[in-house]
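One structure is given here, and the rest of the page talks about it.
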Amino acid sequence: MPELPEVETVRDGLDRLVAGAVVRDAEVFRDYSVRRHDGGPAGFADQLRGRRLVGAVRRGKYLWLPLADPRQGASAALLAHLGMSGQLLVRDPAVAGEWAHPHLRVRLHVDEAPSGAHYVDFVDQRTFGHLAVTDLEPTADGASGGYGSPLPALPAPVAHIARDLLDPALDRDAVVATVRRRRTGIKRALLDQTVVSGIGNIYADEALWRARVHFARATDTMTRPVVHRVLDAATEVMTEALGQGGTSFDALYVNVNGESGYFSRSLAVYGRAGEPCPRCATPVRRDEFMNRSSFTCPRCQPRPRQGRW
DNA sequence: CACACGTCCTGGTAGC
DNA sequence: TGCTACCAGGACGTGT
């Protein structure tokens with residue numbers, strides 16, 4: 001499942017493989033995949049035709065390709081969110097053949113890609129992901145919009161998303177203050193993309209395990225150093241994941257499948273109910289929380305007496 | 001069939 | 001009381 005490291009891997013791949021390409025046409029095979037685009041599927045294709053993709057930018061789990069178009073003054077971008085299962089595949093049919101993925105939802109036909117690729121395919125089994133063309137608007141603080149961006153601008157749907165832990169413009173002390181002001185549990189705060197972005201269920205559990213904090217710990221009882229420790233652990237685990245995921249795709253295939261090597265080998269607790277904690281060998285415990293799973297070591301991360309689930 | 005999960009949306013509550 | 005900000009949880013969607 002794509003969280004920040006996976007999305008960053010895709011951003012990096014798109015930046016190298018398709019930045020500079022011109023969109024000749026766009027085909028929408030599943031209307032739901034462009035549900036957040038204002039003009040519907042036809043309008044989506046209309047707004048992309050003839051426009052140049054000038055780079056790839058990311059904030060949290062959102063990814064966008066700013067569009068250059070001398071015909072229009074307003075700046076815009078092709079916005080993507082991968083949801084739970086989205087992939088962006090950069091393909092060259094001359095090499096890969098015309099085989100289409102069974103869950104192909106949207107296909108961009110592009111010319112002049114630096115990689116020589118001709119398709120950018122949006123593949124999404126569970127259809128929680130989406131694509132849209134949106135306007136770019138100035139950022140509130142005038143700083144660059146996200147990771148990889150030279151522009152102080154954001155797609156409108158990203159305006160409420162906080163900066164992420166890899167963003168050089170992130171104010172970590174401010175995030176700590178926001179977390180401690182909240183009256184909720186630490187995992188809810190970590191998953192709230194308006195507090196700090198990019199963290200999903202998997203990396204939240206891994207970060208909390210590393211920091212030895214239980215997911216239900218009340219944020220307003222946490223000291224500044226402990227909140228910092230949790231954020232540092234999240235940064236660490238996502239940076240390590242990025243280091244592994246970023247090396248694993250070949251030139252014409254940008255893969256964002258959450259099942260990549262990192263997941264099976266390096267996770268300490270996520271998905272490992274009953275297996276020994278790597279630190280103390282106590283069996284990992286699974287709890288239901290927020291209609292999803294949470295994995296903890298009951299010894300390293302004891303449940304607080306007055307926690308907030 | 002329940003389950004996997006991120007985001008949007010709604011209805012509710014806490015605090016001023 | 002009324003307002004605002006915040007918070008919890010259901011709905012969405014597909015395939016195993």
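Fair warning: this is a prediction, and the values are worked out from it, not measured in the lab. Numbers restart at 1 for each chain; the letters A, B, ... are given by sequence-line order, proteins then strands.
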- Message: Could you tell me if Q87(A) and H103(A) have a donor-acceptor pair between their side chains, going purely by distance under 3.5 Å?
- Response: no
- Heavy atoms only: give me the nearest R11(A)-G148(A) pair and the separation to one decimal. NH1-CA, 4.0 Å
- Message: Rounding to an integer number of Å, can you tell me how far F29(A) CZ sits from dG13(C) C1'?
- Response: 20 Å
- Query: Reckon Y62(A) touches a base, only the sugar-phosphate, or nothing at all at heavy-atom distances under 4.0 Å?
  - Reply: sugar-phosphate
- Message: Quiz question: by atom type and distance under 3.5 Å, do the side chains of T221(A) and R217(A) form a donor-acceptor pair?
- Response: yes
- Looking only at dC6(C), dT7(B), dC8(B), the nucleotide nearest the H160(A) side chain is dC8(B)
- Item | Result of checking F122(A), F128(A), Y62(A), W64(A) against H81(A) for ring pair (Phe, Tyr, Trp, His ring centres under 6.0 Å) | Y62(A)
- Rounded to whole angstrom units, what separation is found between the CD atom of E3(A) and the P atom of dA4(B)? 15 Å
- Message: With a cut-off of less than 4.0 Å, is there a side-chain N or O of Q193(A) near OP1 or OP2 of dT7(B)?
- Response: yes
- Report the distance from atom CG of D220(A) to atom C1' of dA5(C), rounded to the nearest whole Å. 16 Å
- Task: Let me know the distance between CG of D31(A) and C1' of dG13(C), rounded to the nearest Å.
- Result: 15 Å
- d(CZ, F128(A); P, dT14(C)) in whole Å: 9 Å
- Of the candidate nucleotides dC12(C), dC7(C), dG15(C), which contains the atom at the shortest distance from the side chain of H103(A)? dG15(C)
- Message: Taking the nucleotide of DNA chain B with the nearest heavy atom to each, does S293(A) or H81(A) sit closer to the 5' end?
- Response: S293(A)
- Message: Between C1' on dG9(C) and CG on L191(A), what's the gap in Å once rounded to a whole number?
- Response: 14 Å
- Message: The side chain of Y32(A) is closest to which nucleotide in this list: dC12(C), dT7(B), dC7(C)?
- Response: dC12(C)
- Base, sugar-phosphate, or nothing for R308(A), non-hydrogen atoms under 4.0 angstrom? nothing
- Message: Ring of Y32(A), cation from R30(A) - is the NZ or CZ under 6.0 Å from the centre and inside 45° of the axis?
- Response: no
- Task: Give a yes/no on whether any side-chain N or O of R35(A) is located under 4.0 angstrom from OP1 or OP2 of dG13(C).
- Result: no
- Mapping R292(A) and R183(A) onto DNA chain C by nearest heavy atom, which one lands closer to the 5' end? R183(A)
- Task: Would you mind telling me which residue lines up with the more 5' stretch of DNA chain C, Q125(A) or R188(A), judged by nearest nucleotide?
- Result: R188(A)
- Task: Counting heavy atoms from C-beta on, name the nucleotide in dG13(C), dG6(B), dC7(C) closest to the side chain of R30(A).
- Result: dG13(C)
- Separation of R126(A) atom CZ from dA2(B) atom C1', in whole Å? 13 Å
- Whole-Å distance separating the CD1 atom of I186(A) from the P atom of dC7(C): 12 Å
